[in-house]
Q: 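Below are the structure tokens for one structure; questions will follow.
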Amino acid sequence: MGTTPLPRIFYARDTLEVAKDLLGKVLVRSAGDRKLAGRIVEVEAYKGLSDPASHAYRGENGRARLMFGEVGRCYVYFVYGNHYCVNVVAKSSRAKAGAVLLRALEPLTGVEVMRRNRGTEDKFRLTSGPGRLTRAMEIDLKLYGTDLTKLGSLYIGDGGLRPEEVIVTAARVGVTRAGQRPWRFLIAGSEYVSVSPGQGAVSKTQLPLKAGLPQAKSRRYRQ
DNA sequence: GGGACGATGTCCT
DNA sequence: GGACATCGTCCCC
């Protein structure tokens, strides 16, 4: 699992569909002789020109230009003077721009390096948040524009949901410019998500999530 | 050219 | 629950 990069056609579909299908896939960071990897458990979709919360909302300018280009590349940006966030460009052929923000991972490979990078031993907090996961995985602006469909310093490998896993749909986090659009998707019951739907930050004792939350159909991407 | 603020995380109370 | 770190962008002088 996670050794073959997803092909470009995976990303050439509706942004919301790609977002949901990215759950369970594996983000891989190769840095020198090190390999860091984590399973994607939480994402958010940003729909370009029709989405006031998207950096692409104001048009094809500056850093956002990338979201109007080739799908399957990564859009990295810097926020709050402290953190990097990583997105994947994904959109149907009709859409002008679109991207999926990676919000949380389940650490798989290189956990000790991630602990060092994050300065904490708590495995549930190493990669449970967009800023945390980039810190753990050593992702910054140098990787802006990296082609994630090629075996390289950063790519997304195959994988999928386990049969019992269900996708939960929720409002996006930290978004102030668009009304509450239910464009956040996470794996129900994962102990590695950032913010549980309708609650504050996730702590170990609040988990696992159980049924009763609004849900989207669980589905698998066919290789 | 400058000021406000953000797709956040951490520490403190 | 709230302050604040800290800087790239955007938007409006």
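All chains are named by letter (A, B, ...) in the order of the sequence lines, taking the proteins before the strands, and each is independently numbered beginning at 1.
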Q: Applying the Watson-Crick and G-U wobble criteria at under 3.5 Å, what pairs with B/dA7? Answer none if nothing qualifies.
A: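 Partner of B/dA7: none found under 3.5 Å.
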Q: Could you check whether any side-chain heavy atom of A/Leu148 comes within less than 4.5 Å of a side-chain heavy atom of A/Leu154, counting everything from C-beta outward?
A: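 Result yes, sub-4.5 Å side-chain heavy-atom pair found.
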Q: Is A/Gly131 touching bases, backbone alone, or none of the nucleic acid, heavy atoms closer than 4.0 Å?
A: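 Sugar-phosphate, no base atom in range.
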Q: Nearest-Å distance, CG (A/Asp140) to C1' (C/dG8)?
A: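 Taking CG of A/Asp140 and C1' of C/dG8, I get 14 Å after rounding.
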Q: Could you check how far OH of A/Tyr57 sits from P of B/dA7, rounded to whole Å?
A: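 Atom-to-atom, A/Tyr57 to B/dA7, this comes out as 14 Å.
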Q: Just N and O in the side chain of A/Arg118: are any of them under 4.0 Å from OP1 or OP2 of B/dT10?
A: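 Yes, because at least one side-chain N or O of A/Arg118 sits under 4.0 Å from OP1 or OP2 of B/dT10.
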Q: Any idea which of B/dT8, C/dC10, B/dT10 is nearest the A/Arg58 side chain?
A: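 Closest nucleotide to the A/Arg58 side chain: C/dC10.
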Q: Between A/Arg94 and A/Asp14 (salt bridge meaning N to carboxylate O under 4.0 Å), is one present in this structure?
A: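 Salt bridge between A/Arg94 and A/Asp14, a charged N being under 4.0 Å from a carboxylate O: no.
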Q: Please report the distance, rounded to the nearest Å, between NE2 in A/His83 and P in C/dT6.
A: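 These atoms are roughly 11 Å apart.
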Q: How long is the line joining CD1 of A/Ile139 and P of B/dA7, in whole Å?
A: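 From A/Ile139 CD1 to B/dA7 P: 19 Å.
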Q: Please classify the nucleic acid contact of A/Gly174 as base, sugar-phosphate, or nothing, using heavy-atom distances under 4.0 Å.
A: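 Contact class for A/Gly174: sugar-phosphate only.
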Q: Should the side chain of A/Tyr80 and the base of C/dA5 be counted as holding a donor-acceptor pair, with the cut-off at 3.5 Å?
A: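 Under the 3.5 Å cut-off, the side chain and the base do not form any donor-acceptor pair.
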Q: Between atom CZ in A/Arg172 and atom C1' in B/dG6, what is the gap in whole Å?
A: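 Between C1' of B/dG6 and CZ of A/Arg172: 14 Å.
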Q: For nucleotides C/dC4 and B/dA4, find the distance between their P atoms and express it as a whole number of Å.
A: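 To the nearest whole Å, 16 Å.
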Q: Which value, rounded to the nearest 0.5 Å, describes the distance between A/Tyr155 atom OH and A/Thr3 atom OG1?
A: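 So the OH of A/Tyr155 and the OG1 of A/Thr3 are separated by 6.5 Å.
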Q: When the ring planes of A/His55 and A/Tyr77 are compared, do they come out parallel, tilted or perpendicular, using 30° and 60° as the limits?
A: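 It falls in the perpendicular class, over 60°.
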Q: Would you indicate which nucleotide in B/dG9, C/dA5, C/dG8 comes nearest to any side-chain atom of A/Phe78?
A: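 Output: C/dG8.
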Q: Check A/Met137, A/Glu106, A/Met114 against A/Leu126 for a side-chain contact (heavy atoms from CB on, under 4.5 Å) and give me the one that passes.
A: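 Single pass found, and it is A/Met114.
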Q: Check every strand shown and say whether A/Arg103 touches a base, only sugar-phosphate, or nothing at a heavy-atom separation below 4.0 Å.
A: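 Counting heavy atoms under 4.0 Å across all strands, the contact made by A/Arg103 is with sugar-phosphate only.
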Q: Does C/dT6 have a Watson-Crick or wobble mate here (both distances under 3.5 Å), and if so which one?
A: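 Looking at the geometry, C/dT6 pairs with no nucleotide.
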Q: Return the value, rounded to whole Å, for the distance between atom NE2 of A/His55 and atom P of C/dC11.
A: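 Taking atom P of C/dC11 as the reference, NE2 of A/His55 is at 11 Å.
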Q: Can you tell me the distance, in whole Å, between the CZ atom of A/Arg63 and the C1' atom of C/dT9?
A: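 The distance from CZ of A/Arg63 to C1' of C/dT9 comes to 6 Å, rounded to the nearest Å.
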Q: Between C/dG8, B/dT10, B/dA7, which one does the side chain of A/Arg125 approach most closely?
A: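 For A/Arg125, the side-chain atoms sit closest to B/dT10.
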Q: In whole Å, I'd like the distance from the CG atom of A/Leu133 to the P atom of B/dG9.
A: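 After rounding, the reported distance stands at 8 Å.
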Q: Considering only the P atoms, how many Å lie between C/dG1 and B/dA7, rounded to the nearest integer?
A: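 Nearest-Å result for C/dG1 against B/dA7 at atom P: 22 Å.
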